[in-house]
Trainee: 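This is the structure I want to talk about, given as C-alpha cells.
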Amino acid sequence: MALSWNEIKNRAINFSKEWEKEEREHAESQSFWNDFFNVFGISRKRVASFEEPVKKLGEKRGRIDLFWRGTLLVEHKSKGKDLDKAYTQAIDYFPGLKEAELPKYILISDFNIFRLYDLEEDTLHEFSIDALYKNVNLFGFIAGYTKHKVVEEDPINIKAALLMGKLHDELKANGYDGHPLEHFLVRLLFLLFAEDTAIFEKRVFTEFLEDKTHEDGSDVGSKLAELFQVLNTPETKRLKNLDESLTIFPYVNGKLFAEFLPIVSFDSKMREALLECCYLDWSKISPAIFGSLFQSIMDKTLRRNLGAHYTSEANIFKLIKPLFLDELWQRFEKIKKNKKKLQEFHQELSKLNFFDPACGSGNFLIIAYRELRKLELEILKILHTESVLDIETIVWCDVDQFHGIEYEEFPAQIAQVAMWLIDHQMNMMISEYFGQYFARLPLKKSANIVHGNSLHLEWEDVVSKDKLSYILGNPPFIGKQLQNKEQKEDMKKIFEKLKGAGVLDYVTAWYLKAANYMQNTNIKAAFVSTNSIAQGEQVGILWK
C-alpha cells in the first residue's frame, strides 16, 4: 500500500535532517539511498541494486551506483563534485543496457544537491536536500503516484500493446487459445498495472516471476495458477504456510481471478516475453487508449465484423461534451459558491448512469467516467477545504454507474478491467490532492459489462431505464453490401417489415432500438455514425 503524500513529506523532512551534513561518497552512499527509498515507503532491495556491472563504450566495463531496470539510474558523488560530469558518466552506461532496461529517469546527487532528469519529458529539476520535502511529487514514479499526460499516439501505449501481442502469439502458438488465453491475458494486464500504480507493492509481481520461477519457464504456468488462487482468497482464509512471496499480494475480489483456467505451459522464450512486459512502466498506460490497442492482438479480419473498432479520444469528446459534459460543467460554474447546492449536485452526479450498447473495450465508458471523476474532484476541493479523515466517505462516483454490451468476450473483459484501472488512476489523483492514500481494494463494485449481441438482448435487462441517464457509443457502421448473414438477420429483427430497410447501415439498428427504449423517459442518447444515415436514400426510411 502506498504512503500518503503527507506521510512522504514528513519522512522527507526527517531524511533531510539526518543526511544534511554527510559528505563522503563511499562511506555512506548505500545507506543514504536505502533511506531515500524508505521516504516513499519502498524497500530499495525490492526495486534496485547497487554497483550494477555494465559494459560501457569500447571494451570498458563500469558499475552503476544504483540501478532500477527500466526506471531509474542513480549516479552518486562526494559533496561538491562535478555533477555535470556525473551526468555524462550516467549516459555512458546506456549502450551496455538492453532497450527494456533503459531508464526513464537519471538522478544525480552529492548528498547536498539532487538533479532529476526526466528523459521522456526532457526536463531537469535541481534542488538542495533541505528542499526535498517540497519536491517529493517529482518522485511519484517511486511511490506509485505517477502523473503522465497521455496522447493517443504515445509510444508507451503502442509498445505495451506490441509486448502483449508478442506474449499472445507465443501462448497461442503453443496451443493455449480461445477463452482461457483471453482471460489469462486480461489477468496479466491487471497484474502489470497493479504493481506500477500502488495497487500492489512496487515490483512485487516482477520479483515473484524473477525469483520464484525457473529460467526455462517450466513452472511459470503452475506458479501463476497458484498466484491467481491467492488473489481470489481473502487474507484471513489463506493457508497459514504460504510462501511470503504469495502472502504479500492483497485480496483483489471483483471475480477477476475467480474462474479456474487451464494451466498454461511456458518455456524460456515465453517467460522472457512476460518479464519484458514487466519491465515496462504500466503506470503510464492510458486505459482508454490501451484497451483499443489491446484488441489489435485479435485477428484483424475479425475486427470490422465484430465491431471492435477504435474511436479517438478527440472524437469521443465531440460526442460526450454536447451530450452531458458541457452542461454539467456549466451547472458547476453557476453553483460552485453555494455549498448546499454543490452538495446536492454532487449527490446527483453519483446517481447518473451511462450505457454503451456497443462498448468494445470500453473507451467511451472509460473517458466518460474519467471526466465525471474530474468534475467530482473540483466539487470536493470546494466542499472539503480542511483535512479529510477518510477519503472513501467523500468520493461518491463509482464504476457501477457504467453499463455496456459487447459482442466479443475478449474486449468485454478488457472493458471491465480497464474501468477498474481508470478508477484507480482517478483515486490516485484525489490521493495526491488530499495528501492521503486512497485505493478501492478489495474490489467491491464493477462496471456492468455484458457479453452478448446488443440487438438480441433486452436493454432493460442490462440497465433499468428508470435509472439510466445517457446512452452513448460507437456502434459498428457496416453498409448493406458488407453485412454478413447474421447481421442481415439482426436488421430484419429490429426493422421487421419496414419497407426499404434493406438499404440501411447496420448502425441504424442501434438508433431504432435506442429510440424505442427511451420512450417516456428523460434519457438522452448520442452515437458516432457515418453521414450516410443523415443524407441520401437512408434518411427517408430511417428518420420518419
Side-chain angles (χ1 to χ4, degrees), residues 178-179 182-183 186 254-255 259 291-292 295 298 302-309 311 319 323 352-366 368-369 399-419 445-478 483-498 501 504-529 533 542:
H179 170 81
E182 294 170 356
H183 203 65
V186 170
K255 298 183 179 179
E259 180 185 349
S292 297
Q295 286 181 245
M298 297 163 58
L302 298 179
R303 259 182 264 158
R304 182 163 193 166
N305 291 335
L306 300 179
H309 46 287
T311 313
L319 185 144
L323 178 63
L352 294 176
N353 275 263
F354 301 78
F355 174 44
D356 184 344
C359 70
S361 57
N363 47 348
F364 274 84
L365 298 176
I366 292 162
Y369 180 55
V399 291
D400 62 341
Q401 295 172 241
F402 290 76
H403 314 265
I405 301 174
E406 168 51 33
Y407 184 88
E408 265 295 284
E409 184 180 17
F410 189 31
Q413 291 177 349
I414 296 170
Q416 190 152 46
V417 172
M419 286 294 288
K445 296 180 179 179
S446 61
N448 174 32
I449 309 296
V450 175
H451 168 218
N453 187 326
S454 183
L455 301 181
H456 292 187
L457 293 171
E458 289 295 332
W459 291 4
E460 182 78 19
D461 294 338
V462 178
V463 53
S464 169
K465 65 174 69 175
D466 294 332
K467 73 174 186 179
L468 186 62
S469 313
Y470 303 102
I471 301 172
L472 70 168
N474 180 12
F477 306 148
I478 312 181
Q483 293 167 22
N484 62 30
K485 183 178 179 182
E486 182 184 356
Q487 290 158 350
K488 289 183 184 295
E489 289 299 317
D490 288 344
M491 294 293 284
K492 288 180 182 178
K493 173 182 171 62
I494 298 299
F495 288 98
E496 297 177 336
K497 297 179 181 179
L498 177 66
L504 294 175
D505 290 350
Y506 194 46
V507 69
T508 58
W510 274 263
Y511 275 80
L512 185 57
K513 192 154 184 174
N516 289 331
Y517 178 76
M518 294 163 62
Q519 294 302 307
N520 304 313
T521 73
N522 292 318
I523 298 169
K524 295 180 180 179
F527 291 132
V528 176
S529 303
I533 68 163
L542 173 66

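Since the structure is predicted, the reported quantities are computational estimates derived from the model, not experimental observations.
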Trainee: How long is the span from the CE atom in M419 to the SG atom in C359, to the nearest 0.5 Å?
Mentor: 10.0 Å
Trainee: So, do M518 and K524 sit near enough that their side-chain heavy atoms are less than 4.5 Å apart?
Mentor: no
Trainee: Report yes if the side chains of I523 and Y517 come closer than 4.5 Å at any heavy-atom pair, otherwise no.
Mentor: yes
Trainee: For N448 and V462, indicate whether the former's side chain and the latter's backbone hold a donor-acceptor pair under 3.5 Å.
Mentor: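 Present.
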Trainee: Anything under 30° is parallel, anything over 60° is perpendicular, the rest tilted; go ahead and classify F402 against F354.
Mentor: parallel
Trainee: Grab the two heavy atoms, one from V463 and one from K467, that are nearest each other, plus how far apart they are.
Mentor: CG2-CE, 3.9 Å
Trainee: Check the pair Q519, K465 against side-chain contact (heavy atoms from CB on, under 4.5 Å), reporting the backbone distance first and the verdict last.
Mentor: CA-CA 9 Å; Q519 294 302 307; K465 65 174 69 175; 5.8 Å; no
Trainee: Between Q413 and E182, is there a side-chain heavy-atom distance shorter than 4.5 Å?
Mentor: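 Heavy-atom side-chain distance check passes, below 4.5 Å.
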Trainee: side-chain contact (heavy atoms from CB on, under 4.5 Å) with F527: which of L472, I471, I533?
Mentor: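 Result for side-chain contact (heavy atoms from CB on, under 4.5 Å) with F527: I471.
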Trainee: Decide yes or no for F355 and I405: does some side-chain heavy atom of the first lie under 4.5 Å from some side-chain heavy atom of the second?
Mentor: yes
Trainee: Looking at residues at least two apart in the chain, or sitting in another chain, which of them share a side chain to side chain contact (heavy atoms under 4.5 Å, CB included) with Q416?
Mentor: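 If we apply the side chain to side chain contact (heavy atoms under 4.5 Å, CB included) test to Q416, skipping adjacent residues, the hits are W420, S446, I449.
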Trainee: Taking all non-hydrogen atoms of both residues into account, name the closest pair between A358 and P475 and its distance.
Mentor: CB-CA, 3.7 Å
Trainee: Measure the spacing between CG of L468 and CD of Q401 and express it to the nearest 0.5 Å.
Mentor: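 If I round to the nearest 0.5 Å, the distance is 11.5 Å.
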Trainee: Show me the side-chain donor-acceptor pairs of residues 508-516 shorter than 3.5 Å, one per line, residues at least two apart or across chains.
Mentor:
residue : atom : partner : partner atom : Å
T508    : OG1  : D505    : O            : 2.6
W510    : NE1  : P357    : O            : 3.2
W510    : NE1  : S454    : OG           : 3.3
Y511    : OH   : S529    : OG           : 2.7
K513    : NZ   : S454    : O            : 3.0
K513    : NZ   : L455    : O            : 3.3
K513    : NZ   : L457    : O            : 2.5
N516    : ND2  : L512    : O            : 3.3

Trainee: If I take atom CG from residue D466 and atom OG1 from residue T521, how far apart are they, to the nearest 0.5 angstrom?
Mentor: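 Going from CG on D466 over to OG1 on T521, the span is 9.0 Å.
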Trainee: How close do Y506 and Q483 get, counting heavy atoms only, and between which atoms?
Mentor: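 In this case the closest contact between Y506 and Q483 is N-NE2, 3.4 Å.
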Trainee: Would you check if there is a donor-acceptor pair between the side chains of N353 and H403 at a distance under 3.5 Å?
Mentor: yes
Trainee: As an exercise, state the distance from CG of N484 to CD1 of I478, rounded to the nearest 0.5 Å.
Mentor: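 The CD1 atom of I478 is 7.0 Å from CG of N484, to the nearest 0.5 Å.
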Trainee: Any idea which heavy atoms bring A415 and G360 closest together, and the distance?
Mentor: CB-O, 3.9 Å
Trainee: Restricting to pairs with a member in residues 483-492, which pass salt bridge (Lys or Arg N to Asp or Glu O under 4.0 Å), not counting sequence neighbours?
Mentor: E489-K492
Trainee: Flag the pair H451 / E406 as yes when at least one side-chain heavy-atom distance between them is below 4.5 Å, and no otherwise.
Mentor: no
